[in-house]
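Accompanying notes for the structure given below.
These numbers come from the heavy atoms of this one structure, side chains and all, not from hydrogens, waters or symmetry mates.
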Amino acid sequence: MEETHIEQIDLTQLIKDSVATGNYRNAVRYLYLDALKWLSANQKIEWDFQKTNSDYYRELDEPILKERFKENILSL
């Protein structure tokens, strides 16, 4: 999956399936990817499966997004 473009992945269904089977670790991972997908679709970041959380953080220009990303992603 890592070489697949994030825009092509049905993350909503993967999240639902993971929760339904009790695989909360995967559900959280898919929620994270869904956030990256949204940021990429809205031209806030340029998604690449090899980038780190810190790479994405540095790309964010809007202070509110940058702060929320820091609170919710970098703290994991």
Side-chain angles (χ1 to χ4, degrees):
M1 178 167 60
E2 56 188 30
E3 292 186 30
T4 303
H5 291 281
I6 199 168
E7 296 84 13
Q8 299 171 347
I9 302 170
D10 185 358
L11 292 165
T12 302
Q13 189 60 50
L14 290 172
I15 293 164
K16 288 178 185 178
D17 292 346
S18 295
V19 170
T21 60
N23 192 340
Y24 302 113
R25 180 183 174 128
N26 275 351
V28 169
R29 173 76 175 142
Y30 295 138
L31 283 167
Y32 162 75
L33 290 174
D34 198 40
L36 293 180
K37 182 177 180 178
W38 184 90
L39 289 168
S40 178
N42 288 281
Q43 290 86 40
K44 308 296 182 189
I45 62 167
E46 190 171 319
W47 182 81
D48 186 303
F49 74 93
Q50 293 181 324
K51 286 186 179 177
T52 66
N53 291 343
S54 295
D55 292 332
Y56 293 125
Y57 179 77
R58 284 189 294 275
E59 283 184 46
L60 293 169
D61 292 329
E62 295 176 35
I64 190 84
L65 283 176
K66 196 166 191 145
E67 184 60 29
R68 289 197 175 154
F69 190 87
K70 182 180 178 182
E71 290 171 359
N72 294 300
I73 304 301
L74 293 181
S75 63
L76 294 178

By side chain to side chain donor-acceptor pair (under 3.5 Å) - contacts of R29 (at least two apart): none

With sequence neighbours excluded, residues passing salt bridge (charged side-chain N to carboxylate O under 4.0 Å, His left out) with R58: D55

N42 CG: over 12 foreign heavy atoms closer than 6.0 Å: yes

Side chain to side chain donor-acceptor pair (under 3.5 Å) against Q50, all qualifying residues, sequence neighbours excluded: none

Qualifying residues under side chain to side chain donor-acceptor pair (under 3.5 Å), relative to K51, sequence neighbours excluded: E59

Spacing of CG belonging to L33 relative to CG belonging to L14, to within rounding of 0.5 Å: 9.0 Å

Straight-line distance of D10 CG to D34 CG, nearest 0.5 Å: 9.5 Å

Inter-residue atom distance W47.CH2 - L36.CG, 0.5 Å rounding: 8.5 Å

Rounded distance (nearest 0.5 Å) linking atom OH of Y32 with atom CG of L11: 12.0 Å

Rounded distance [0.5 Å steps], CD1 in I6 versus CZ in F49: 12.0 Å

Distance in Å, I45 CD1 paired with D61 CG, rounded so as to fall on 0.5 Å steps: 12.0 Å

Salt bridge (charged side-chain N to carboxylate O under 4.0 Å, His left out) involving D17 - partner list, sequence neighbours excluded: none

Closest non-hydrogen atom pair, E46 against Y56: O-CE2, 3.8 Å

Listed partners of K37 passing side chain to side chain donor-acceptor pair (under 3.5 Å), at least two apart: none

Which atom of A27 lies closest to which atom of V19, heavy atoms considered: CB-CG2, 3.8 Å

E67, CD atom: more than 12 neighbouring heavy atoms under 6.0 Å: yes

